[in-house]
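This structure is a prediction, so every number in the text was calculated from the model and none was measured.
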Amino acid sequence: MTDAPGRVLDLFCCAGGAAMGYHRAGFTVDGCDIADRPRYPFAYHRGDALEYLAHLIDTGDIERYTLVHASPPCQAGCALTVGTNASQGWGGTHVDLVAATRRLLDRAGLPYVIEQPNGRAAIRKDLTLCGEMFGLGVLRHRNFELGRWATPRPAHPRHRGYVRGHRHGVHRTGPYVAAYGNGGGKASVPEMQHAMGITWTDVREELTEAIPPAYTHWIGLAFLTARQEVFA
């Protein structure tokens with residue numbers, strides 16, 4: 001086995017929060033997203049992520065990769081979206097690509113990670129990570145399904161307080177900022193950048209969708225440890 005960590009394919013990559021964490025763990029990272037992402041800090045392919053993955057599988061180019069990370073659109077199952085729609089009587093239709101993503105990842109035959117926020121998304125919660133685990137200024141709970149590899153779940157520490165801002169007519173103060181939406185005490189762009197450790201984009205929409213690089217830095221190192229144990 002080579003000592004080099006390898007290459008990660010980062011699907012639905014947005015501005016690269018996940019990618020930066022894998023990079024810090026030592027991986028080379030290639031991203032793919034359907035939108036133009038000029039601030040993405042690594043090699044980037046613009047296009048439909050699932051079509052691109054299917055192409056890589058069909059051509060055999062998927063073999064260049066060691067691990068695939070996918071963050072498919074989550075609005076259909078996100079707790080924030082579901083709760084808001086229910087409270088307002090809205091019935092917005094959102095794309096749910098989790099199942100289709102998993103089917104292609106199974107075809108690819110590589111270890112993978114599927115990331116989703118808390119809510120109704122149909123993934124195994126093999127890992128749940130939180131900003132408090134890494135001393136960050138956001139909570140931003142995210143769940144991760146691990147395919148073809150496993151790692152022990154880290155302990156989830158007690159939160160130190162509330163997320164700052166207005167919610168359901170109540171204003172709270174606390175050590176965490178609300179890195180989503182706009183207004184109602186939500187974090188400013190500089191606050192979000194500082195809280196999540198993301199400096200390469202100042203686009204609010206990209207920051208509100210991003211996961212902190214600390215999460216995938218931890219996952220990347222855990223994957224390398226798991227791989228070493230297999231080959232030990």
What are the two closest heavy atoms between [X] and [Y], and how far apart are they?
X: Val177; Y: Ala195; result: CG2-CB, 3.7 Å
X: Cys32; Y: Gly47; result: SG-O, 3.6 Å
X: Trp200; Y: Gly16; result: CZ2-O, 3.4 Å
X: Gly17; Y: Thr216; result: O-OG1, 3.9 Å
X: Tyr176; Y: Gly161; result: CE1-O, 3.5 Å
X: Leu146; Y: Arg124; result: O-NH2, 2.6 Å

Donor-acceptor contact below 3.5 Å, side chain [X] vs main chain [Y]:
X: Arg140; Y: Ala210; result: yes
X: Gln193; Y: Thr201; result: yes
X: Arg153; Y: Asp126; result: yes
X: Arg102; Y: Gly147; result: no
X: Trp218; Y: Gly21; result: no

Same cluster for [X] and [Y] if Ile/Leu/Val/Met/Phe/Trp/Tyr side chains link at under 4.5 Å?
X: Ile62; Y: Val113; value: no
X: Val203; Y: Ile198; value: no
X: Val68; Y: Val8; value: no
X: Tyr112; Y: Leu56; value: yes
X: Ile123; Y: Phe12; value: yes

So how far is it from [X] [atom1] to [Y] [atom2], rounded to the nearest 0.5 Å?
X: Tyr65; Y: Thr28; atom1: OH; atom2: OG1; result: 10.0 Å
X: Cys13; Y: Met20; atom1: SG; atom2: CE; result: 12.0 Å
X: Leu127; Y: His156; atom1: CG; atom2: NE2; result: 12.5 Å
X: Leu224; Y: Thr151; atom1: CG; atom2: OG1; result: 10.5 Å
X: Ile57; Y: Glu63; atom1: CD1; atom2: CD; result: 11.0 Å
X: Leu139; Y: Met133; atom1: CG; atom2: CE; result: 11.0 Å

For Arg142, salt bridge (charged side-chain N to carboxylate O under 4.0 Å, His left out) partners two or more places apart: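 Residues passing salt bridge (charged side-chain N to carboxylate O under 4.0 Å, His left out) with Arg142: Glu115.
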
Heavy-atom side-chain proximity of [X] to [Y] below 4.5 angstrom:
X: His45; Y: Leu11; result: no
X: Arg64; Y: Leu9; result: no
X: Leu136; Y: Tyr215; result: yes
X: Thr208; Y: Met192; result: yes
X: Leu50; Y: Thr101; result: yes
X: Tyr52; Y: Asp33; result: no
X: Leu207; Y: Arg204; result: no
X: Leu53; Y: Leu105; result: yes

Counting only heavy atoms not in Phe134 (residues, nucleotides, ligands), do more than 12 fall under 6.0 Å from its CZ? yes

Is the Phe42 ring parallel, tilted or perpendicular to the Tyr40 ring (thresholds 30°, 60°)?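 The arrangement is perpendicular - the two ring planes meet at more than 60°.
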
What class does the angle between the rings of His159 and His141 fall in, given that below 30° is parallel, 30 to 60° is tilted and above 60° is perpendicular? tilted

Could you please spell out the steps behind the side-chain contact (heavy atoms from CB on, under 4.5 Å) verdict for Asn118 and Asn143? CA-CA 7 Å; Asn118 277 342; Asn143 302 306; 2.9 Å; yes

Go through the steps for Gln116 and Glu145 under the test side-chain contact (heavy atoms from CB on, under 4.5 Å), then give the verdict. CA-CA 9 Å; Gln116 291 284 277; Glu145 177 178 319; over 6 Å; no

Does a side chain donor of either His69 or Tyr22 reach within less than 3.5 Å of an acceptor in the other side chain? yes

Could you go through Ile219 and Leu129, starting from their C-alpha distance and side-chain angles, then the distance that decides it, and tell me whether this counts as side-chain contact (heavy atoms from CB on, under 4.5 Å)? CA-CA 10 Å; Ile219 290 172; Leu129 300 183; 4.0 Å; yes

Working note: His55 + Asp48, criterion side-chain contact (heavy atoms from CB on, under 4.5 Å); need CA distance, chi angles, decisive distance, verdict. CA-CA 11 Å; His55 169 75; Asp48 181 280; over 6 Å; no

According to the salt bridge (charged side-chain N to carboxylate O under 4.0 Å, His left out) rule, which pairs have a member within residues 4-23, sequence neighbours left out? Arg7-Asp30

